[in-house]
Enquirer: 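Before I ask anything, here is the structure I am working with.
Nothing here was measured: the structure is a model prediction, and the numbers come from that model.
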Amino acid sequence: MTKPKKKSQKSKKRSQSETPTLSLKERLAQKRKANLARKEFTSLFTAATVGGVFLGILLFFVAGIKLAVPGALAIPTFVLSYKYPRQALYAFLIYVPLGGTITYYLGSSPILQLAKDAFYVPAVVGLWQTCRKQGLPFILPPAIKTPLLILLTFCLLTLVFINGGQQFNPPKVGLLEQAPNEFPIGLGILGLKVFLGYVPLITCAYYLVRNQKDLLFLSRLQVVLTLICCVLGFIQYLLLLTGICQGTRGLEGDALFRATLEARCYFGGSLLYSPEEGVIRLPGTFVAPWQWAWFLIASTFFTFATGFSDPSIIWRIISLASLASVFINAVISGQRIALGLVPVCFVALLFLTGQIANLKRFIPIGIGLAVILGIAMIANPTVVQERTASFTGRWEASPPQEFIVSQFEENWKNVDGPLGSGLGRATNSARSMGSTKLVETYYPKVLFEVGICGLLGFIALVTTLTKAGFKTYRSLKNRNFRSYGAALWVFILFISYNTYYYPLDVDPVAVYYWFFAGVLFKLPVIEKQEKDNIEFQQTAKKKRTFT
């Protein structure tokens, strides 16, 4: 990102004198426009709130407070998100890492776990209509259009012929057996939503970030959210460590080794804390522990990007603190995958983005990070030793590569056909619509649901996206933009071909992957804007010199 230059008092006065003074008529027109927008918002907000309260009262008498609260909030959220998509998308990004905590503070209704879509869906609809009116492309970048449409076609074929066949021609059951209570079409629709529902976030991010100011605001917002969530995660660990929260201590049998909502500690959802048994799985601010682990992994990329590319030294320091908090939580959370991948991703970013050669910025950040982590490790040697032993023990007991291969073999043998066994059949969040199978690795899960055709279509889509992202970041000339783009591209590369577990199915990676791809594709446009601004300022300066 271009570093803003400090202006002298003389240049400030000159720029102020050159700024065209608005006439009285123009100032009055601006004031009328602002008043009109304010009245429109007030009227819309009032009507939506009244409608929401009315719906909430009805739901309270029909289904109780757990549905009344989300019902009352739904109407104003939908209406305002449709009318103001930019603000809705920012609210969506803020809600994603805090949603697990908000859900259980408002009554733990399953509907609240989908509350973020109340910001996202209306915003997408509003953006799509705006693109139609203004003749702007909605599928971005253009390179992914063909593979995306091919993949969508395979998914629709699976939905119609596989899920539809299960709906209207269910398998026969024995004389004394009871037919399962399922809705395969609904299962398929939910499965499709989880699979490709957030792809439009590429377009949302592309149009949300209009200039360098928006880009800096977004990157800094993400750093602040990461820091807040990590501080809350650390507080959660201290509350458990000091005994203020009991966790799963004192339970018996399998309960000592299973994350449960009853053990919840102020933030997030289900947790496991049985230190006497050597097992800890903290959820941070998320619903489940493994979502917290993938948030920490993803945050490594974003805090790194801002830490090495932000023009402000203050924000680089804040990014360093945020990155350090990610490392600390990777250790104390008890999540082996976070403990293993956070440092690996950091080292990979250093080399793949070329920042290891940027000694001017790498040395201060590297020393600062090493000091913070060194102090944390010296203060908690037992914790570090336990987590390291847990990670190595798990690796030796079940090597990831063997686990992935076995998942591929098992699902290749059991998939129903080239179109798969049905959308949603391996999607945990769709289990309310029918029976689902637990597939713990992503590409075998895709294979099971949409078959070999859908799997090849998805690989073509992410490969095209990754290739287009590489060309985009390599086209950048500005050092800061290029550094930020490189970090985002490495994140896209890593998630595109990662098949260990299924982060692309759930928050936050399901959101961040597509959204920050859109940010990456907007960087060349922002770079051109900044270049044009600099050239304009230089031209204006030359004119002033010769006059």
Enquirer: Counting C-beta onward and ignoring hydrogens, is there a side-chain heavy-atom pair between Gln212 and Phe481 closer than 4.5 Å?
Expert: yes

Enquirer: Kindly state whether the ring of Phe195 and the ring of Phe458 have centres lying under 6.0 angstrom apart.
Expert: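 Here the rings of Phe458 and Phe195 have centres that are less than 6.0 Å from each other.
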
Enquirer: Decide ring-ring contact (aromatic ring centres under 6.0 Å, His included) for Phe78 and Tyr82; before the verdict, give the C-alpha distance in whole Å, the side-chain angles of both, and the deciding distance to 0.1 Å.
Expert: CA-CA 6 Å; Phe78 269 98; Tyr82 174 77; over 10 Å; no

Enquirer: Check whether any side-chain N or O of Thr77 sits under 3.5 Å from a backbone N or O of Ala118 as a donor-acceptor pair, and report yes or no.
Expert: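 No: the side chain of Thr77 does not pair with the backbone of Ala118.
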
Enquirer: Between Arg86 and Asp214, does at least one N-O distance fall below 4.0 Å, as a salt bridge requires?
Expert: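 Yes.
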
Enquirer: Does either side chain, that of Asp117 or that of Tyr198, offer a donor lying less than 3.5 Å from an acceptor on the other one?
Expert: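 Yes, because at least one side-chain N or O of Asp117 sits under 3.5 Å from a partner of the opposite role on Tyr198.
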
Enquirer: Taking NZ, NE, NH1 and NH2 as the nitrogens, is one of them in Arg425 or Glu182 under 4.0 Å from a carboxylate oxygen of the other?
Expert: yes

Enquirer: So does Leu423 get a backbone contact from the side chain of Thr427, meaning a donor-acceptor N/O pair under 3.5 Å?
Expert: no

Enquirer: With a 4.5 Å cut-off on side-chain heavy atoms, are Cys229 and Leu98 touching?
Expert: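 With C-beta onward as the side chain, the pair touches.
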
Enquirer: Less than 4.5 Å apart, any side-chain heavy atom of Thr436 and any of Leu187?
Expert: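 With C-beta onward as the side chain, the pair touches.
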
Enquirer: Carefully, step by step, assess Ser270 and Thr260 under the rule side-chain contact (heavy atoms from CB on, under 4.5 Å).
Expert: CA-CA 5 Å; Ser270 302; Thr260 175; 5.7 Å; no

Enquirer: Any side-chain heavy-atom pair from Trp294 and Leu341 closer than 4.5 angstrom?
Expert: yes

Enquirer: Taking the side chain as C-beta and beyond, is there a heavy-atom pair between Leu465 and Ile202 under 4.5 Å?
Expert: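 The answer is yes; the side chains approach within 4.5 Å.
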
Enquirer: Identify the heavy atoms of Val439 and Ala426 that sit nearest to each other, and give their distance.
Expert: CG2-CB, 3.9 Å

Enquirer: Going from CG on Leu447 to CD on Glu410, what distance comes out if it is rounded to the nearest 0.5 angstrom?
Expert: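 One finds 10.0 Å between CG of Leu447 and CD of Glu410.
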
Enquirer: Taking it one step at a time, do Ile189 and Asn163 satisfy side-chain contact (heavy atoms from CB on, under 4.5 Å)?
Expert: CA-CA 9 Å; Ile189 292 172; Asn163 292 86; over 6 Å; no

Enquirer: Quick one: list whatever passes side chain to side chain donor-acceptor pair (under 3.5 Å) with Ser483, sequence neighbours left out.
Expert: Gln355

Enquirer: Under 6.0 Å from the six-membered ring centre of Tyr502 and within 45° of its axis: does the NZ or CZ of Lys445 meet both?
Expert: no

Enquirer: Could you list the residues that satisfy ring-ring contact (aromatic ring centres under 6.0 Å, His included) with Phe470, not counting sequence neighbours?
Expert: Tyr473, Trp489

Enquirer: Quick check: does any side chain N or O of Thr353 sit under 3.5 Å from a backbone N or O of Ala486, one acting as donor and the other as acceptor?
Expert: no

Enquirer: How many angstroms lie between atom CG of Leu89 and atom OG of Ser81, to the nearest 0.5 angstrom?
Expert: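 Going from the CG atom of Leu89 to the OG atom of Ser81 covers 8.5 Å.
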
Enquirer: Check the angle between the aromatic planes of Phe217 and Tyr90 and answer parallel, tilted or perpendicular using the 30° and 60° thresholds.
Expert: perpendicular

Enquirer: Apply the ring-ring contact (aromatic ring centres under 6.0 Å, His included) test between Phe302 and each candidate in Phe295, Phe515, Tyr512; give the one that qualifies.
Expert: Tyr512

Enquirer: Decide yes or no on side-chain contact (heavy atoms from CB on, under 4.5 Å) for Ser429 and Leu190, but give the supporting numbers first.
Expert: CA-CA 8 Å; Ser429 58; Leu190 277 178; over 6 Å; no

Enquirer: Of the non-hydrogen atoms in Ile332 and Ile280, which two are nearest, and what is the gap between them?
Expert: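 Residues Ile332 and Ile280, closest heavy atoms: O-CG2, 4.1 Å.
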
Enquirer: May I ask you to decide if Phe286's main-chain N or O and Gln291's side chain share a donor-acceptor pair within less than 3.5 Å?
Expert: no

Enquirer: Just jot down the side-chain contact (heavy atoms from CB on, under 4.5 Å) partners of Ala293, sequence neighbours excluded, or say none.
Expert: Gln335, Ile337, Ala338

Enquirer: Is there a donor in the side chain of Gln222 and an acceptor in the side chain of Thr306, or the other way round, less than 3.5 Å apart?
Expert: no

Enquirer: Which heavy-atom pair separates Gly268 from Tyr104 by the least distance, and what is that distance?
Expert: O-CD1, 3.4 Å

Enquirer: Above 12 or not: heavy atoms from other molecules or residues under 6.0 Å from CD1 of Ile314?
Expert: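 No, not enclosed.
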
Enquirer: For the pair Thr242 (side chain) and Leu238 (backbone), establish whether a donor and an acceptor sit closer than 3.5 Å, ignoring hydrogens and angles.
Expert: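 Confirmed, Thr242 side chain pairs with Leu238 backbone.
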
Enquirer: Could you tell me which non-hydrogen atom of Ser299 sits nearest to which non-hydrogen atom of Val326, and how far apart they are?
Expert: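 So the minimum-distance heavy-atom pair works out to CB-CG2, 4.0 Å.
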
Enquirer: Working to the nearest 0.5 Å, report the span between CG of Leu239 and OH of Tyr273.
Expert: 10.5 Å

Enquirer: Considering non-hydrogen atoms only, spot the tightest contact between Ser325 and Leu227 and give its length.
Expert: OG-CD1, 3.9 Å

Enquirer: More than 12 foreign heavy atoms under 6.0 Å from CZ of Phe403: is that the case here?
Expert: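 Buried by this count: over 12 neighbours within 6.0 Å.
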
Enquirer: May I ask you to decide if the ring planes of Phe327 and Phe346 are parallel, tilted or perpendicular, using 30° and 60° as cut-offs?
Expert: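 The rings of Phe327 and Phe346 stand perpendicular, inter-plane angle above 60°.
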
Enquirer: Just checking, is any N or O donor in the side chain of Thr466 or Ser496 under 3.5 Å from an acceptor N or O on the other one?
Expert: yes

Enquirer: Out of curiosity, Thr101 OG1 to Tyr95 OH, how far, rounded to the nearest 0.5 Å?
Expert: 9.5 Å

Enquirer: List the steps, then state whether side-chain contact (heavy atoms from CB on, under 4.5 Å) holds for Leu196 with Cys155.
Expert: CA-CA 10 Å; Leu196 296 177; Cys155 290; 4.1 Å; yes

Enquirer: Does the distance from a Lys or Arg side-chain N to an Asp or Glu carboxylate O, for Arg249 and Glu277, drop under 4.0 Å?
Expert: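 No, this pair does not count.
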
Enquirer: With side chains defined as the heavy atoms from C-beta onward, is the minimum distance between Ile235 and Phe267 less than 4.5 Å?
Expert: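 When only atoms from C-beta onward are counted, Phe267 and Ile235 do touch, with a gap below 4.5 Å.
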
Enquirer: Below 6.0 angstrom between ring centroids: does that apply to Phe92 and Tyr120?
Expert: yes

Enquirer: How many angstroms lie between CD in Glu449 and CG in Asn411, if you round to the nearest 0.5 Å?
Expert: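 Reported value, rounded in 0.5 Å steps: 10.0 Å.
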
Enquirer: Any side-chain heavy atom of Leu232 within less than 4.5 Å of one from Gln236?
Expert: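 Sidechains of Gln236 and Leu232: no contact.
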
Enquirer: Heavy atoms, side chains only, cut-off 4.5 Å: are Arg281 and Arg336 in contact?
Expert: yes

Enquirer: Could you verify whether a donor N or O on one side chain and an acceptor N or O on the other, from Tyr497 and Thr463, lie under 3.5 Å apart?
Expert: yes

Enquirer: Counting only heavy atoms not in Phe257 (residues, nucleotides, ligands), do more than 12 fall under 6.0 Å from its CZ?
Expert: yes

Enquirer: Can you name the closest pair of heavy atoms from Asn329 and Cys230 and give their distance?
Expert: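 For Asn329 and Cys230, the tightest heavy-atom pair comes out as ND2-O, 3.1 Å.
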
Enquirer: Distance from Arg220 atom CZ to Leu215 atom CG, nearest 0.5 Å?
Expert: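 Reported to 0.5 Å precision, the distance equals 9.5 Å.
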
Enquirer: Apply side-chain hydrogen bond (donor to acceptor under 3.5 Å, both in side chains) to residues Ser274 and Thr248 and explain how you reach the verdict.
Expert: CA-CA 6 Å; Ser274 302; Thr248 51; 2.7 Å; yes

